[in-house]
Amino acid sequence: MGGPFRLKHNPWCGVTAGLLVLIGLGCPQSPPAVSPGPSAPTPVLPPSQFVDQASAWGVRFQYENGEQAGRFTILETLGGGVGLADFDRNGMLDLWCVGGGKFASQSMRPVGLPGELFLNRGPHHMAPVAATAGIGRASHYQHGIAAADIDHDGFVDALITGYGGVQLWRNQGDGTFEDLTVESGLDGDVRWSSSAAWGDFNQDRHLDLYVTHYVDWSLTNDPPCFTHGELREVCSPIVFRGLADTLYLADGQGGFRDQSSERGLVEGGKGLSVLVADLDLDGDVDAYVGNDTTPKFLYENQGGQLRERGLTSGVSLSRLGAVEGSMGTDMGDFDLDGLPDLWVANFEDETFALYKNLGGMQFAHVSEETGVDRIGQAYVGWGVLFGDWNLDGDEDVFVSNGHVVRHAHRAPVLQLPVLMDNHAGKQFRNVAALSGDYFRKPHSGRGAATGDIDQDGDLDLVVSHVNQPIALLENRGAAAGRSFTVELTGTQSPRTAIGTIVRLISSNQSQIRQWKGGGSFASTSAGHLLFGMASDDQPVRLEIRWPSGRLETIPLKSTMKQIHVIEGAPHQRTSHTLSDDSSAKN
């Protein structure tokens, strides 16, 4: 390739497919809608301490990829995700683990393995209920979960992605789920899907669906690949053609229709993650897509039409203008300026990317300036999460890592996770080695999600691995700060009000959070928005902008720790403007 799309790095260097020698492709020789307001210096707190409590909580599960069949297929590399949501409405977060798949013994056809749903019974106990809930079967080889209340009945539903199709589970509110894949019209999506995200793109109050598709691998398109001409190896995605993503618009009657071309989706891409959020703060949701060895997509929503602006916005390539092997993505306001910034986990020999939002849908690559690149390039990153784990008033970053090849040369197959502590929005440092035993051991990390699982006022972590037990990391070290949690329920907006922007004004500073769709890798984090504050900080008020356009200001008491806000509830005082809202993009 020529121009800005020239391949400057091949993530599977040294791997050959038949007579195709990939070394010839470039392998090296061996303005805010809510003003940020005042901001206080971030105190330096000790790193959070995490303890893996999966077994103690009764969470015994692992994602399987079928590699014991000895096929060496690219299908086995992706792994799976996890979903955190209150599926039974008992006020506690439950956990949905995606199952994966295997190869049929005779035909070697990929078949799915069912996931597991663990309901949070509290205290510190989860019960597996997949069999009784009716989800103990898999229609396809599974990868990801996108959870949301898509029919506005108060119960969270789930879409499962994977090879061979998607599967839509409707939560019936009685402890069981109904498979609505055919009835919803989603049974026609039979291409290899990796991640998905919900969001109301056309602002009709019904959640639409963005599905990322990967490559055109199949049993008949499965060339033998080797490393250094000797060892059988998994093929690089460069060997395969990328598959186009799909945007499904909801019809309001439980059905979905493919509107990809009509709404502006472009061809190509090798999608592994998708984030849906209001990135330009103009009142509608946009979409950011992490692609593997092809430029990333950034879709700006313009009245329901999507305009792909990845290259012109500065978020599709590396700092040097090279395509990257991008897996996980997430969004957070790392520098407390009120603008949503982007983080991308990339392949080995590539720097993890932090893109600072400059306003006007323009971003700057700031990994070098913020110290992100100091962790090195020996990681293959997957699940990515912004979150204030140490409750110091700014958002840190977690990344799960693990290689995709069997015979790695530049980096180990099992890899350490990364926990980047944010210092006042200026510098990040990796504090993983100081954060508990889990962080000091290598893993085959993939999807990750965050939420307050044990209801103690801080963010916990769940991480999925390939052929290894899932980790439930209980946060036990954030006592130096305090937290304030916001739960949202839309009425004029979708009940799962993705794209809602919440600003917490406290006595010392101002912070912004946004309800996001998708993000991480193939996973869903809890919808509750958790703000960290210093122990002497006190909440003053909330300013909220809903996807419907409704603006609300809610005064808070200094003793409050959490609040449930229902859009337009009469007991809430409504404001017509947000502070300095005139600076917002129109």
Side-chain angles (χ1 to χ4, degrees), residues 31-39 86 91 148-149 152 154 198-207 276-286 301 331-333 336-340 388 393 483-517 526-533 537-586:
V34 184
S35 68
S39 179
D86 184 5
D149 182 1
H152 312 286
W198 299 98
D200 183 8
F201 287 92
N202 58 355
Q203 296 186 297
D204 65 352
R205 194 179 168 267
H206 299 292
L207 288 176
V276 172
D278 187 357
L279 296 174
D280 54 4
L281 305 179
D282 66 348
D284 52 28
V285 293
D286 312 293
N301 192 344
M331 179 200 79
D333 181 15
L336 297 171
D337 67 352
L339 295 168
D388 188 358
S483 65
F484 187 85
T485 302
V486 180
E487 181 182 356
L488 301 166
T489 299
T491 55
Q492 301 166 17
S493 306
R495 187 180 181 95
T496 300
I498 291 167
T500 303
I501 300 173
V502 178
R503 175 186 173 198
L504 172 65
I505 296 92
S506 61
S507 54
N508 290 346
Q509 65 177 142
S510 172
Q511 300 178 64
I512 286 178
R513 298 285 187 272
Q514 188 174 156
W515 196 344
K516 301 168 285 191
H528 300 177
L529 306 180
L530 188 145
F531 298 80
M533 298 181 290
D537 202 0
Q538 306 294 333
V540 176
R541 70 179 184 275
L542 289 179
E543 295 182 351
I544 302 175
R545 191 189 72 192
W546 299 87
S548 65
R550 186 182 185 91
L551 306 174
E552 299 187 85
T553 298
I554 302 172
L556 304 172
K557 297 179 180 179
S558 61
T559 56
M560 296 176 69
K561 295 183 178 180
Q562 58 186 15
I563 188 173
H564 180 191
V565 183
I566 300 173
E567 183 180 13
H571 64 276
Q572 295 163 191
R573 181 166 60 86
T574 300
S575 171
H576 294 291
T577 60
L578 296 177
S579 302
D580 297 329
D581 191 51
S582 59
S583 64
K585 178 183 180 292
N586 296 317

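The analysis underlying the following values was restricted to heavy atoms, covering all of them including side chains, and did not include hydrogens, waters or symmetry mates.
The CG atom of Asp204 sits 9.0 Å away from atom CG of Leu207, with the distance rounded to the nearest 0.5 Å. Separation of atoms CD1 (Ile544) and CD1 (Ile563) is listed at 7.0 Å; rounding is to 0.5 Å. Atom CD1 of Ile498 is separated from atom CG of Leu488 by 11.5 Å, given to the nearest 0.5 angstrom. To the nearest 0.5 Å, atom CG of residue Asp286 and atom CG of residue Asp280 are 4.5 Å apart. Rounded to the nearest 0.5 Å, atoms CE (Met560) and CD1 (Ile554) are 8.5 Å apart. Summarising the geometry, atom CZ belonging to Arg513 is positioned 15.0 Å from atom NE2 belonging to His528; distances are rounded to the nearest 0.5 Å.
Side-chain contact between Trp198 and Thr496: absent, with no pair of heavy atoms (C-beta onward) separated by less than 4.5 Å. Taking 4.5 Å as the limit, some side-chain heavy atom of Trp546 sits within range of a side-chain heavy atom of Val565. Annotation: side chain of Leu281 is in contact with side chain of Pro340 (closest heavy-atom distance under 4.5 Å). Side-chain contact between Ser493 and Asp200: absent, with no pair of heavy atoms (C-beta onward) separated by less than 4.5 Å. For the pair Val486 and Leu504, the minimum side-chain heavy-atom distance is 4.5 Å or more. Taking the side chain as every heavy atom from C-beta outward, Thr485 and Lys561 never approach each other to under 4.5 Å.
The nearest pair of heavy atoms linking Met331 to Leu279 is SD-CD2, 3.4 Å. The two atoms that bring Thr500 and Ala497 nearest to each other are OG1-O, 2.6 Å, heavy atoms only. Of all the heavy atoms in Pro539 and Lys557, the pair that sits closest is CG-O, 3.6 Å. Considering all non-hydrogen atoms of both residues, Ser506 and Met533 come closest at CB-SD, 3.8 Å.
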* Worked check of side-chain contact (heavy atoms from CB on, under 4.5 Å) between Asn301 and Asp282 -> CA-CA 9 Å; Asn301 192 344; Asp282 66 348; 5.9 Å; no

* Apply side-chain contact (heavy atoms from CB on, under 4.5 Å) to Phe201 and Val285, showing your working. => CA-CA 6 Å; Phe201 287 92; Val285 293; 4.0 Å; yes

* For side-chain contact (heavy atoms from CB on, under 4.5 Å), just list the numbers for Thr489 and Arg495, CA-CA rounded to whole Å, side-chain angles, deciding distance to a tenth of an Å, and then say yes or no. => CA-CA 5 Å; Thr489 299; Arg495 187 180 181 95; 3.9 Å; yes

* **CA sep, side-chain torsions, deciding dist, call: Phe484, Asp537, side-chain contact (heavy atoms from CB on, under 4.5 Å)** => CA-CA 11 Å; Phe484 187 85; Asp537 202 0; over 6 Å; no

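At distances below 3.5 Å, not a single donor-acceptor pair connects side-chain atoms of Asp278 with backbone N or O atoms of Gly499. Between the side chain of Glu543 and the backbone N or O of Ile505 there is no donor-acceptor pair closer than 3.5 Å. No donor-acceptor pair under 3.5 Å is formed between the side chain of Gln492 and the backbone N or O of Glu567. At least one donor-acceptor pair closer than 3.5 Å links the side chain of Asp149 to the backbone N or O of Gly154.
Side-chain atoms of Arg503 and Ser510 form a donor-acceptor pair, as typed in the model, at a separation below 3.5 Å.
Enclosure of atom CD in Gln538 by more than 12 non-hydrogen atoms of other residues, nucleotides or ligands within 6.0 angstrom is indicated.
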